[in-house]
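See below for the structure under consideration.
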Number of protein chains: 2
Amino acid sequence: MILTRLILGLLNLAPMTGYDLKKHFDSSVNHFWHADKAQIYRTLAQLVRDGLATVRTVPQENYPDRQEHHITEAGRRELGAWLASPLGPDRAREPFLARVFFAGDMERAEVLELLERRRAQAQAQLAEFEAMHADLGDAAVRDRRAYLMAATLDGGIRHVRAEIEWLDSTRENLP
Amino acid sequence: MILTRLILGLLNLAPMTGYDLKKHFDSSVNHFWHADKAQIYRTLAQLVRDGLATVRTVPQENYPDRQEHHITEAGRRELGAWLASPLGPDRAREPFLARVFFAGDMERAEVLELLERRRAQAQAQLAEFEAMHADLGDAAVRDRRAYLMAATLDGGIRHVRAEIEWLDSTRENLP
DNA sequence: CTGGCATAAGTGACAAATCGACTAGGAGAT
DNA sequence: ATCTCCTAGTCGATTTGTCACTTATGCCAG
């Protein structure tokens with residue numbers, strides 16, 4: 001359901017193949033969602049079945065034909081309806097916090113190591129997001145579309161930074 | 001898979017029925033995970049099948065018998081193994097950021113309203129978490145188990161606060 | 001000139017998670 | 001009377017997530 005909308009959103013920016021979409025999910029969209037390519041192809045087929053997208057085969061030399069998916073009018077309506085729909089309940093899903101919650105039986109040193117491992121992971125992610133943010137042009141100040149896209153990256157960065165601060169504070173006061 | 005571990009973690013704190021577990025998922029654990037009762041009962045049955053938990057029927061007056069689930073030694077080992085296992089890749093999953101990312105076609109006022117709706121939701125969540133945090137005793141300073149549980153709530157609070165700050169900053173600079 | 005990697009575009013099958021509706025009954029409060 | 005709480009589930013459909021397998025060319029290193 002949600003993947004349907006995300007893919008529609010991407011197709012609304014430009015026609016794409018499953019391969020193109022996968023690249024987006026691994027880069028530009030990766031700070032708020034992840035999708036496997038099997039999921040992408042499956043959803044794409046469903047979109048076409050439901051008339052929200054159409055396929056156009058674009059021949060290429062030396063490479064397999066591109067199966068370009070284009071959003072339809074119905075697809076645009078569906079996307080608009082999603083954007084305007086009520087916000088779903090916000091269900092946190094943080095496997096790392098879960099580990100910490102249940103880590104009461106671990107030795108102090110083990111807990112410290114767990115927090116350290118997570119910190120390294122978060123730090124790497126932060127560096128990645130900041131590099132992406134640095135690559136953004138200055139269109140993001142004036143153009144609303146570019147601004148909103150940049151804002152989501154900023155949101156991702158703030159989340160990671162908050163987590164790192166939390167990890168440090170948790171480590172410092174650990175009894 | 002992950003639910004298996006979370007339920008094992010809760011059973012490790014005290015024997016519980018499916019109903020008890022549901023209450024925990026709706027309160028103490030709700031800032032990092034959510035589970036539906038159908039999932040809980042299904043997982044409980046699976047734990048018993050796999051020998052990670054046992055059931056004891058505790059008769060009650062005026063109420064249905066409690067089907068108390070107790071963690072077994074194998075269950076404790078499984079829980080320990082999970083706590084020590086490598087961290088999985090950290091896949092962000094933020095449907096709200098997704099909306100913002102694709103909101104480029106919306107009117108400025110609509111975007112503002114979208115951000116406002118989210119802010120109200122986050123604010124309510126923050127109030128809820130802060131109330132829970134205030135109810136925590138002072139054991140959380142000395143006792144490691146209590147400390148770690150309190151720390152996860154603190155983590156939840158920091159996440160929500162970071163989001164509210166992001167929403168405000170995004171609103172202020174919206175072109 | 002062969003083997004491996006990248007590009008390109010998928011398919012298939014299964015496991016796990018999610019969601020919503022339905023069933024069943026007594027106790028106590030408004 | 002009706003509503004909520006406590007207790008315990010079940011059923012079925014849809015959605016997600018994971019992993020392995022396929023086909024074919026271009027290009028580079030050894």
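The chains referred to below are lettered A, B, ... by the order of the sequence lines, with proteins before strands, and numbering in each begins at 1.
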Inset, instruction - Indicate yes or no: at least one non-hydrogen side-chain atom of B/L167 is less than 4.5 angstrom from one of B/R118. - result: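 Yes; the side chains approach each other to less than 4.5 Å.
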Legend entry - Spacing of CZ belonging to A/F101 relative to CZ belonging to B/R145, to within rounding of 0.5 Å: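 Taking CZ in A/F101 and CZ in B/R145, the distance rounds to 10.0 Å.
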Can you tell me the distance, in whole Å, between the [atom1] atom of [X] and the [atom2] atom of [N]?
| X | N | atom1 | atom2 | result |
| --- | --- | --- | --- | --- |
| B/M16 | D/dA8 | CE | C1' | 17 Å |
| B/Q39 | C/dA21 | CD | C1' | 15 Å |
| A/L21 | C/dA9 | CG | C1' | 12 Å |

Inset, instruction - Report yes if at least one side-chain N or O of A/K23 is closer than 4.0 Å to OP1 or OP2 of C/dA8; otherwise report no. - result: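 For A/K23, the contact criterion (side-chain N or O under 4.0 Å from OP1 or OP2 of C/dA8) is met.
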Inset, instruction - Would you mind checking if B/E73 and B/R76 are paired as a salt bridge, meaning a charged N to carboxylate O distance below 4.0 Å? - result: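 The answer is yes: the pair qualifies as a salt bridge.
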Legend entry - A/H34-B/R93 side chain donor-acceptor pair, cut-off 3.5 Å: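 Short answer, no.
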Nucleotides 10-16 of chain C: which of its N/O atoms have a protein N/O under 3.5 Å away?
{"from": "C/dG10", "atom 1": "N7", "to": "A/K37", "atom 2": "NZ", "distance (Å)": "3.1"}
{"from": "C/dG10", "atom 1": "O6", "to": "A/K37", "atom 2": "NZ", "distance (Å)": "2.4"}
{"from": "C/dA16", "atom 1": "O3'", "to": "B/M1", "atom 2": "N", "distance (Å)": "3.4"}

Inset, instruction - Given side-chain contact (heavy atoms from CB on, under 4.5 Å), test A/L47 with A/H69 step by step and report yes or no. - result: CA-CA 9 Å; A/L47 248 22; A/H69 290 71; over 6 Å; no
Legend entry - Candidate pair B/H24 and B/M16, rule side-chain contact (heavy atoms from CB on, under 4.5 Å), full reasoning: CA-CA 10 Å; B/H24 275 282; B/M16 290 186 205; 3.5 Å; yes
Inset, instruction - Looking at every strand, decide which applies to A/K22 at a 4.0 Å heavy-atom threshold: base, sugar-phosphate, or nothing. - result: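 The answer is nothing, as A/K22 stays clear of every strand by at least 4.0 Å.
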